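Notes for the one structure printed next.
Since the model is a prediction, treat every value here as computed from it, not as a measurement. Counting starts at 1 for both ligands and their atoms, following the listed order. The figures that follow rest on heavy atoms only: side chains count, while hydrogens, waters and symmetry mates do not.
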Amino acid sequence: MSVKWSQVDEVLSGSLEGKEVHLRGWVHRWREGGKIIFVVLRDSTGTLQCAVKKGNLPDDQFEEAKKASLIESSVEIHGTAKKDPRAPGGWELGANGFRAIHVGEVFPITENQSTELLLDYRHLWLRSQQLTKVMKVKAHLLKGFRNYLDERGFWETTPSVITQIAGEGGSTLFPFKYFDQTAYLSQTAQMYLEVLMFSLEKVFSITPSFRAEKSRTTRHLAEYSHLEAEAAWFGQEDNLKLQEELVAAGIHHAAKHAGPLLKDLGRDPAELLAIQTPFERLDYGEAIEKLQDMGEKISWGEDMGAPQERLLTEKRKAPLFITNFPKEIKAFYMKVNPDKPDTVQCADLLAPEGYGEVIGGSVREESNESLIERLRKEGANLKNYEWYLDLRRFGSVPHAGFGLGVERILMWICKLEHIRDATPFPRVMNRASP
Ligand code: 4AD
Ligand code: MG
């Protein structure tokens, strides 16, 4: 017999009222009361209470339901969908058939477990409601980003994550043995996007980026999803406009398509929908003065850390650009401001509510002389950068781009306390497994 399988959310929507329904999934909760067993069934769309009553199904199947008392056992349940105000979600399945697909062992995760244990069992904890919701919001967010970039005529590309150059300085590189050579896991796809820009003009990629961050913070991962874009003929203004529109498009898409999920996570989607472009811009110099007025001990030329970023944004509802940072604290490839040569044409985008930097971007330096001088200062092996310098030898054009930390945005819109919950398999200093 071929069966038409349904999903839990279809039952909860009411569209299957009174109908014969076939569901499959996992035992989320199990409770026995005499001749009735309540199984809360979980599938990818939600959870549903199923009442398995002796006499309403063949006895051997009732026995199977008894055996499936171990949570996370996989089962098939057949029955009719009934409105029931006492059931969570307002719907119940009255079972007339039950099959245990796989009766599990005792599930190692119970309530109130330590963070460390949940990370040890990440491969099982990913079945939790909270992480499932975050992963769904992430998929919507990525779709919103891709839709927007597609509409703007950007080509999605697939740069390599194996490289021999340090885009963001040598201190956070992961080296590894690559046959007979040393290579690194890439910190950024930027340089490869700059290559592809010469043929495709407007390009983007979403790749893992790697940072050997020794610091334990709530917003640093050793591996994160990096959405990067690069566009020929773009200057600072075009670059900022693209970034703010992209962020708005992504979070609006998530708010529209994952509103109830966001609400469950503690974020009112209306707050995201209220965020409009353009985002406010604050010159680095002005930001420093603002911070000094707030009593911070920071002077012009110093980089901002998480505490300063928080001070500037905790009361804000929308993101904020900090522009034109000092050249000395930014990467070698950022183009110098001709009218203020100690600064570069760049911006960091800070999320509101203190969540910190979510984008770093800049106009790119076109002069090889300047690039070489700055690379030398960083102690880079120029031989490895020859191909990059070639880009400025053959039809160089003005261009700009940026990198967006997908988990950083997700952390903000899902109100997560720690960035590790924005990614299924968090890589932090003491953990590369599961
Ligand atoms: O500011 P970053 O280092 O800039 C670059 O890598 C540029 N080459 C990007 C480009 O222009 N194509 O990183 C960009 C963004 C940050 O703003 C932040 O959102 C995120 O990447 N990021 C991290 N996210 C999680 N964990 C980390 N350790 C991160 N480091 C950076
Ligand atoms: Mg940065």
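Of all heavy-atom pairs spanning L193 and T157, the tightest one is CD2-OG1, 3.3 Å. Nearest heavy-atom pair, Q164 versus N384, reported as atom, atom and distance to 0.1 Å: O-ND2, 3.4 Å.
A ring-ring contact (aromatic ring centres under 6.0 Å, His included) check over residues 142-165, counting only residues at least two apart or in different chains, returns nothing.
Between the side chain of N368 and the backbone N or O of L389, at least one donor-acceptor pair lies under 3.5 Å.
Residue contacts with ligand 1 for I359 involve N, CA, C or O but no side-chain atom from C-beta outward (heavy atoms, distance under 4.0 Å). Proximity of E357 to ligand 1, defined as any heavy-atom pair under 4.0 Å, is shared by backbone and side chain alike. Proximity of E407 to ligand 1, defined as any heavy-atom pair under 4.0 Å, is not found for any part of the residue. With a 4.0 Å heavy-atom cut-off, ligand 1 is reached by the side chain of R364 but not by its N, CA, C or O. In Y333, the part holding a heavy atom less than 4.0 Å from any atom of ligand 1 is the side chain. Of all the heavy atoms of L349, none lies under 4.0 Å from any atom of ligand 1, so neither backbone nor side chain is involved.
By the 3.5 Å distance cut-off applied to N or O atoms, F402 is counted among the residues near ligand 1. Note: an N/O pair closer than 3.5 Å links V358 and ligand 1 by distance alone. By the 3.5 Å distance cut-off applied to N or O atoms, E230 is not counted among the residues near ligand 1. Annotation: L221 places an N or O atom under 3.5 Å from an N or O atom of ligand 1; distance criterion only. Inclusion of H220 in the set of residues having an N or O under 3.5 Å from an N or O of ligand 1 is not warranted. For G405, a nitrogen or oxygen atom sits less than 3.5 Å from a nitrogen or oxygen atom of ligand 1, counting backbone and side chain alike.
Excluding waters, the count of protein N/O/S atoms less than 2.8 Å from the Mg ion (ligand 2) comes to 1.
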Q.
Go through it in stages, so that I can follow the logic: the residues are R392 and E194, the test is salt bridge (charged side-chain N to carboxylate O under 4.0 Å, His left out), and I'd like the CA-CA distance, side-chain angles, deciding distance and then a yes or no.
A. CA-CA 10 Å; R392 274 73 173 167; E194 286 186 68; 2.8 Å; yes
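A salt bridge links K138 to E407: one of the charged nitrogens lies within less than 4.0 Å of a carboxylate oxygen.
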